[in-house]
There are 2 protein chains.
Amino acid sequence: MVETPRRQQIEDAASTLFRERGYAATSVRDIAQALNLQGGSLYAHMASKEDVLWSIVNRAADRFNTEVAPLAAATQPPSRLRAMIRAHVSVVTSAQKDASVFLDEWRFLSAERRAQIAARRDAYEALFRNAIADGIQVGVFDAVDVRITATAILSALNGIASWYRAGGPLSADEIADSYAELFLKALREPHFMTRTIT
Amino acid sequence: MVETPRRQQIEDAASTLFRERGYAATSVRDIAQALNLQGGSLYAHMASKEDVLWSIVNRAADRFNTEVAPLAAATQPPSRLRAMIRAHVSVVTSAQKDASVFLDEWRFLSAERRAQIAARRDAYEALFRNAIADGIQVGVFDAVDVRITATAILSALNGIASWYRAGGPLSADEIADSYAELFLKALREPHFMTRTIT
DNA sequence: CCTACCGATCGGTAGG
DNA sequence: CCTACCGATCGGTAGG
């Protein structure tokens, strides 16, 4: 029986509280209380409250990259975007607390750390922009504005983090499939043998 | 020359700060400083900090309703959703600060006030669900899952509040049109005389 | 990991 | 609208 390291327990408890109340409205004593500790005791395991936020934000960013980047590199245009959407939704729903903190609380990081996350986010979004652009070039997607389309897709996918509830009417997979279908239709992935007649 | 009432100045300054730093991380003294006042002086014009948040959230909700509800009532299915999307984006971009606070900071309201906003939001989203459902019934839209489609659309539209910048590469109208086109294609608004051939 | 504490800041009030 | 203040709480530290 391996116990969860204290540091990880702190990050998990903080992730829950940061998501529920927001980073600024969560005190170090709130986190300590969730672990039945005194406020000052946490500083044996962390340098500052912001440090814990930084860890949570990074492990969320790592997770998105780990799940999505291989698909972006390996799969071919038509099904590539579908696979990436599904994987992104999978992270949002399976690591929901971290994902929410990553999306909503990263602005409370220091300027330098914020800049690092902004750069990582842009690189990640570029995976989606490329999937769309490649699909257009190959002729399976309409010639849409790549940047704004990628932004629209990711905004919708990220929004799931704020309303998804495990055990709700739709499973995570059903949500992922619905969103993937919706956006692939938006890109007019052509059906077999569809022609336009005057 | 009519001066802006103090109360409105307070709400405007608070809206800016709540959006930039978040409600919890903005102090009453921060708001006062933006108006060259002392912290305590604000209490001649407001009962509490939460009261100001409540005003901002409500004026944003009012704005969405004022702009979108008439279109939901008047226009016919195919173009109705397009008009509603455009109007929603117009509010997001023209009242961006209030819209951001409405979307991101309403969770800092008291439980009763949060419940009121939740009810208003659901009624508002129902306008979009109805526009989609009516389009399906009339046969201009595919038979998609109405609820999740409306959620996806509104998530994407609301996301604009967090990245739009006046004077950026795309005007508010161009963004509105792009999003409207994207989602109407996703609903497969049929082109004239398109048929599927085996 | 706890007790006890630090200076700073918080939302809000009294009295003018 | 200001000065001066209230008790509470904040992030973080020292010393054990």
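Convention: sequence-line order gives letters A, B, ...; per-chain numbering from 1.
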In this structure, how many angstroms lie between the C1' atom of D/dC2 and the CD atom of B/Q38, rounded? 7 Å

Closer than 4.0 angstrom, basic N to acidic O: yes or no for B/E20 and B/K97? no

Would you mind reading off the distance between A/K49 atom NZ and D/dG11 atom P, rounded to a whole angstrom? 4 Å

Where the side chain of B/R29 is concerned, which of C/dC10, C/dC1, D/dC10 is the nearest nucleotide? C/dC10

If the cut-off is 4.0 Å, is B/Y43 near the phosphate of C/dG12, judged by side-chain N/O to OP1 or OP2? yes

With a 4.0 Å cut-off on N to O distance, would you call B/R63 and B/E67 a salt bridge? no

Nucleotide C/dG11, atom P - distance to CD1 of B/I31 in whole Å: 8 Å

Can you tell me the pairing partner of C/dG16 across any strand shown, Watson-Crick or G-U wobble, with both distances under 3.5 angstrom? D/dC1

Distance, rounded to the nearest Å, where A/R21 contributes CZ and D/dT9 contributes C1': 14 Å

To the nearest Å, how far apart are B/L17 CG and C/dG11 P? 12 Å

If you pin B/V28 and A/R6 to their nearest nucleotides in DNA chain C, which one's is more 5'? A/R6

D/dG11 - base-pair partner by Watson-Crick or wobble geometry, distances under 3.5 Å: C/dC6

Using atom CD of A/Q9 as one end and atom C1' of C/dC1 as the other, report the distance to the nearest whole Å. 13 Å

Of the nucleotides C/dG11, D/dC2, C/dC1, which one has an atom closest to the side chain of A/S41? C/dC1

A/Y23 versus A/E50: any side-chain heavy-atom pair under 4.5 Å? yes

Which of parallel (below 30°), tilted (30 to 60°) and perpendicular (above 60°) describes B/F102 and B/F64? tilted

Cation over ring, B/R121 on B/W106, under 6.0 Å and within 45°? yes

In whole Å, I'd like the distance from the CD atom of B/Q33 to the C1' atom of C/dG11. 16 Å

Under 4.0 Å: is that the gap between some side-chain N or O of A/S27 and OP1 or OP2 of D/dC10? yes

Would you mind reading off the distance between B/D51 atom CG and C/dG12 atom C1', rounded to a whole angstrom? 13 Å

With nearest nucleotide decided by heavy atoms, which residue, A/A47 or A/A25, maps closer to the 5′ end of DNA chain D? A/A25

Taking the side chain of A/H45 as its heavy atoms from C-beta onward, which of C/dG12, D/dT3, C/dC1 lies nearest to it? C/dC1

Reckon A/G39 touches a base, only the sugar-phosphate, or nothing at all at heavy-atom distances under 4.0 Å? nothing

